[in-house]
Amino acid sequence: MRLVGRSLLVGLWFMFLTLPLLAVRVNTITETVEWRWLNLVWVGLGTFILSLALALWRQRSESQPQRDDGEGDITPRWRERLFHDQTVYRPLLIMALLATLLLPWLVDIYQINILVLALIFVVLGLGLNIIVGLAGLLDLGYIAFFAVGAYTYALLNINLDLGFWAALPLGGLAGAFFGLLIGFPVLRLRGDYLAIVTLGFGSIVKIVIENEDELFYGAMGIADIPRPGLLGLDLSLDQSTLYTYYLVVALALLAIFVTNRLKDSRLGRAWIALREDEIAAVAMGIDMAKCKLSAYAFGAFWAGLVGVLFAARNTFIHPNSFTFAESALVLSMVVLGGMGSIVGVTLAALILVLLPEYLQGLAEYRMLVFGGVMVAMMVFRPHGLISPSRRRYTRPQAQGEEG
Amino acid sequence: MLELRNVSTFYGPIQALKGISLSVATGEIVTLIGANGAGKSTTLLSISGVAPPKRGEILFEGSPIHTLPAEKIVSLGVAQVPEGRRIFPQMSVRENLEMGAYLRRDNAGVARDVEKVCELFPVLAQRRQQLGGTLSGGEQQMLAIGRALMARPRLLLLDEPSLGLAPLVIRQIFATLQQLNREEGMTIFLIEQNAHQALKIAHRGYVIENGVLTLSDKAQTLLDHPDVRRAYLGG
Ligand SMILES: Nc1ncnc2c1ncn2[C@@H]1O[C@H](COP(=O)(O)OP(=O)(O)OP(=O)(O)O)[C@@H](O)[C@H]1O
Ligand SMILES: [Mg+2]
């Protein structure tokens, strides 16, 4: 009975929350307000039933004895198998790869463009994952490094006539340089202060670009940026889009491969130790300053790199592409993906970019559904889609037998 | 092996250490006892380079270390068990131990030392794959000590290993420290509030009050010292 009462409350609350969005429609032509009360009833009823079902389900799973394997967290077996059994995940990986490679032949150019954008965000997510997920630092202005990469290419192209391929590594390096730049002042900061400084840094980069007309073409943006070149061939728009798609796939694969190796490296372990406990990490002889700086540099490098590709794909860049909203989006990819998990971040990035695109059919309810999905994810998977995978059964035992 | 000469350490304007001089010889267990806020932890942080002293000098095996960064001091052979254990909670026992050997590059040696630590603390052996954060307080303390040993230190610094532990567990841990000292010749600098237990295993002891050393003597003598008895041993 208590559950029913609470669910009723939830339903009413949602009706109240969605009132302005769902019930009121202002008809701008006749200048009248339409009240769509029926919508509200549906929302109320829907959330009531959902909330009740959720509460009942919770109650049941709580009354059942939980399997305690002494590991502190209970991992579903299928996940254990998915990630640790080669015969399971190898074919899956190969299938995913094949699908990615074949996909552009099955869908139209518009879809490919969206996929390119999604994959760009995958790389961004993986980059920020180094800073936030692995090293446990915060960066609310991550998109600034992306802007640095994009503008590096645009400006080098205008001023020095540099091509895409020459600008690509330079964009990455410029990103890394700016990463170091933000790294130094925030070395000793933690928590709220870190959040404020990185947030400020992100806004400063955008504001500087916006207001500097001479150097950065300010609020006009930069147009006519050349698309990625392929051996000097003349590509049609379709061909070029396809080519860009494969480029970004390659870049995403590279990012996955490199960040995965990085995670298991000495530096990666130092980052994780730093995230877990800074004082203990220093006591182990980890050079905190070097570690934090390298995390910012490595993370920003990917943003810079993929920023170049972004500029080349769009052929037009504008400071408004690099606002706090984008930083927040990338950050939610890392959080939703499960801090530090590469598979999780990749999936989350794809979902977070593709979902709003394909929800466009729902037009005005798009952001509502989007928000709903976000909330649902956090309710059902509070540690992210994939909580950081721990290879605790395979590697350690194998090593123990050797040593 | 370790010598502090007139060390003064500040936190901003607050002076936590007011000219501390002490020494630890090779193969000794030396304890530093004092009340809350006396400056015990600060002494350890000064040695380990986390809170470098403003004045005075710290010598390790004859050469000054007070100007070196913390990671350099670890690499010279000074390992520390920080106050409050500070286990890496999301890492397994084994990974915690491996982090202790962060500066070492001999993988085979590290694997052997993991086994050695597990022999020293058998409870850890059964829990190799368990997450550090899910260990009991006593187990965490053992892990913290084991982790410090993984660096193959020549000097082991411990900050209040008895903190919040049951008497039985404290005795067990202190017995292990004594065993390490006797059998492996490990030099130990032990910071404690539990004066009784600490002085029982130590060779010598210092008493710190408000950032100043007030007493320094053989451990046995301190145990019988009226001031120490009154202030730290309850009568
Ligand atoms: N980070 C800091 N900033 C400012 N003051 C500090 C800081 N750390 C310690 N102090 C001050 O320095 C003095 C000594 O502190 P310290 O931590 O060395 O005491 P302690 O002997 O280890 O005490 P306890 O037994 O409670 O651990 C205290 O007065 C404390 O308030
Ligand atoms: Mg202390």
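None of these values were measured; they are calculated from a predicted model. Residue numbers begin at 1 in each chain, while the letters A, B, ... track the order of the sequences.
Nearest heavy atoms, A:Glu276 versus B:Gln90: OE1-N, 2.6 Å. Heavy atoms only, all atoms of each residue included: B:Arg86 and A:Ala280 are closest at O-CB, 3.2 Å.
In terms of non-hydrogen atom pairs under 4.5 Å with chain B, the most contact-rich of A:Asp277, A:Ile279, A:Val282 is A:Asp277.
In A:Phe177, the CZ atom is not crowded: 12 or fewer heavy atoms of neighbouring residues, nucleotides or ligands sit closer than 6.0 Å. For A:Phe184, the CZ atom is loosely surrounded, since the number of other residues' heavy atoms within 6.0 Å does not exceed 12. Other residues, nucleotides and ligands contribute at most 12 non-hydrogen atoms within 6.0 Å of the CG atom of B:Asn210.
When heavy atoms are compared at a cutoff of 4.5 Å, B:Arg104 approaches chain A solely by way of its backbone atoms N, CA, C and O.
Below 4.5 Å, heavy atoms of chain A meet heavy atoms from B:Val50, all part of residues 31-56 of chain B. Contacts from residues 291-301 of chain A to chain B, taken as heavy-atom pairs separated by less than 4.5 Å, involve no residues at all. Listed by sequence position, B:Ala70, B:Glu71, B:Val74 are the residues of residues 60-78 of chain B in contact with chain A, using a 4.5 angstrom heavy-atom cutoff.
Take A:Leu199 and apply the side-chain contact (heavy atoms from CB on, under 4.5 Å) test, not counting sequence neighbours, and it matches A:Leu140, A:Phe324.
How far CZ of B:Phe88 is from CZ of A:Arg269: 10.5 Å, rounded to the nearest 0.5 Å. Summarising the geometry, atom CE belonging to A:Met284 is positioned 7.0 Å from atom CD belonging to B:Gln80; distances are rounded to the nearest 0.5 Å.
Judged by the 6.0 Å distance and 45° axis criteria, A:Arg266 is positioned over the aromatic ring of B:Tyr102.
In this structure, B:Glu95 and A:Ile272 have side chains that are not in contact, with every pair of non-hydrogen atoms separated by 4.5 Å or more.
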